[in-house]
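Counting convention: from 1, in listed order, for ligands and their atoms alike.
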Amino acid sequence: MNPGSLLSRARQIGLLCVALVSPLAAAQDATPARLEVVVLGSGGPGATGRAGSSHLVLLDGVPRILVDAGPGSFARLGEARLSLARTDIVLLTHLHVDHVGELPGLFKARAVSTRGDIGFRVFGPAGHRGAEGDASFPSTRAFIDLLFGKAGAFSYLPAFSAPMTITASDVGTSRMQTLLSEDGLVISAVAGHHRDAPAVIYRVDYAGRSVTFSGDVDAEGLAGLRQIARGSSLLVFNSVVLDPPGSPPVLYTLHSPPAVIGEVARDAAVGSLLLGHLSPAVEHAHDDVRASIARSFAGKVTFAEDGMRMQP
Ligand SMILES: [Zn+2]
């Protein structure tokens, strides 16, 4: 008797009990989503009880792509009962501490998860030598070298537990580009803009679904964001400030307010929005933020929580 007729027979005789239904439901649940996003960190930079900005992208149930590594994401990874054992791609939106501070801890977690060879492909922004009064940032290649290179702070790590090869690439051009295309996975990037911090916006396409990560983006990065996010199933938009004048003026040189988030989501015709990197100001104004976005964008809007899982 096939499962369908077994079910209907059980209904007929009034024996539709939990014991019968659960294995069938479990079998359905066992099929992983082809593309899934797990929020490892929905906050930062302040210590407000949320981990700093970080996401994992799962392909067919396997965590393959780490997008940023904010402080606290190490603990959230364990709480989510996920492993980086098959994670081989790291996308860094920019090199502020609240987005990359946990990278050594996560790489060590990966190192002790296996004895086999480990290969990480790390993509991130090119460097920036600041003029007077401006901050300077290393390139992603230099950043990785400063951490894990021969003279790096954690030079021991690549040979500590399992042989680890880290291949870092700088994503420097403002032109949208494909970083990687293999086995149905396509990762694209375009330069973002986060005041003086070089920034990159990423899009992941897999199995007919897609997710775009805005990173921290100010007004100068929105053209690129509109372009790369076009038609994305999900747009993960970092939401730090309220509509003017609700936040300190300096923050508008770094971030985009809800009204703009709604306009970009509408213009790019994305399916839905996930608001991450939530500041206390945004946390305390959910209704206002939703109302502001809704003036332009009619799709679903979700406020991220650490540990949240979403299927784009
Ligand atoms: Zn940030």
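- Looking at Arg121 and Glu182, a side-chain N of the basic residue comes within less than 4.0 Å of a carboxylate O on the acidic one, giving a salt bridge.
- A ring pair (Phe, Tyr, Trp, His ring centres under 6.0 Å) with His194 is found for one member of His99, His255, His128 and no other, namely His255.
- Take the N/O/S atoms of Asp216: the one nearest the Zn ion (ligand 1) is OD2.
- Residues Phe137 and Asp196 have side chains in contact (heavy-atom distance under 4.5 Å, counting atoms from C-beta outward).
- A donor and an acceptor atom, one from each side chain of Ser292 and Asp243, are located under 3.5 Å apart.
- Note: angle at the Zn ion (ligand 1), from NE2 of His277 to OD2 of Asp98, is 80° (rounded to 10 degrees).
- At a threshold of 2.8 Å, the Zn ion (ligand 1) has no backbone or side-chain N, O or S atom of His96 nearer than that distance.
- The nearest N, O or S atom of His99 is closer to the Zn ion (ligand 1) than 2.8 Å.
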